Trainee: 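Below is a structure I'd like to ask you about.
Quick note: numbers below take in every heavy atom, side chains included, and nothing from hydrogens, waters or symmetry partners. Keep in mind that this is a model prediction, so the values were computed, not measured.
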Amino acid sequence: KTGGGKAARHASWRALEEFLAMGRARSIGVSHYCKRHLQELFEVAKVKPAANQVEYHIGMGSAGPNATDDKAFCEKAGIKYLSFSTLCGPCGTRELLTGPLVTSVGRLH
């Protein structure tokens, strides 16, 4: 069986911890993990994730409280919150390069 779910996330994390223990990685982390996923990971983790990489950019503001993928929880847990796609989303557009929101901020600063 392939796919996601809690068991698959736990298995993947155990594999990452093995790479770390063998010296094949300097640090290990996750991507797109919400608070629930992190809490479930803490059930089995011997090593805390160094980082949680999530899509986060100026255009996310319209998503309200869901826009941060629980940034505050990551910070409180000592997990670095890393943004990716800072100038990409929404996918398939140039909205964050030439759109009205970004250009209006640029004009002000």
Trainee: Which heavy atom in Leu38 sits nearest to a heavy atom in Pro49, and how many Å separate them?
Mentor: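 Smallest interatomic distance, heavy atoms only, reads CD2-CG, 4.3 Å.
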Trainee: Is Val54 linked to Tyr33 within one hydrophobic cluster, defined over Ile, Leu, Val, Met, Phe, Trp and Tyr using a side-chain heavy-atom separation of less than 4.5 Å?
Mentor: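 As far as the 4.5 Å side-chain criterion goes, Tyr33 and Val54 are not connected within one cluster.
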Trainee: Would you call Trp13 and Ile28 a side-chain contact if the rule is heavy atoms closer than 4.5 Å?
Mentor: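 Yes, at least one pair of side-chain atoms sits under 4.5 Å.
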Trainee: Does Phe19 CZ have over 12 foreign heavy atoms under 6.0 Å away?
Mentor: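 Open.
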Trainee: Do Glu43 and His10 touch side chain to side chain, with heavy atoms closer than 4.5 Å?
Mentor: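 Result yes, sub-4.5 Å side-chain heavy-atom pair found.
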Trainee: Same cluster or not: Phe42 versus Leu16, using hydrophobic residues (I, L, V, M, F, W, Y) connected whenever any side-chain heavy atoms lie under 4.5 Å apart?
Mentor: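 Yes, same cluster.
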Trainee: Can you tell me how far the SG atom of Cys34 sits from the CD atom of Gln39, to the nearest 0.5 Å?
Mentor: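 One finds 8.5 Å between SG of Cys34 and CD of Gln39.
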Trainee: For the CG atom of Leu41 and the NZ atom of Lys6, what is their distance to the nearest 0.5 Å?
Mentor: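 Result: 10.5 Å between the selected atoms.
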Trainee: Any salt bridge (Lys or Arg N to Asp or Glu O under 4.0 Å) involving residues 7-28? Give me the pairs, sequence neighbours left out, ordered by first then second residue.
Mentor: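 Matches after skipping sequence neighbours: Arg9-Glu40.
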Trainee: With clusters built from Ile, Leu, Val, Met, Phe, Trp and Tyr whose side-chain heavy atoms come within less than 4.5 Å, directly or transitively, what are the remaining members of the cluster of Leu108, listed by chain and number?
Mentor: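 Members besides Leu108: none; it forms no cluster.
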Trainee: Is there a continuous path of hydrophobic side-chain contacts, each under 4.5 Å between heavy atoms, that joins Phe73 to Leu82?
Mentor: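 Phe73 and Leu82: separate clusters.
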Trainee: Do you know which two heavy atoms are closest between Asn52 and Cys74, and how far apart they sit?
Mentor: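 Minimum heavy-atom contact is ND2-SG, 3.6 Å.
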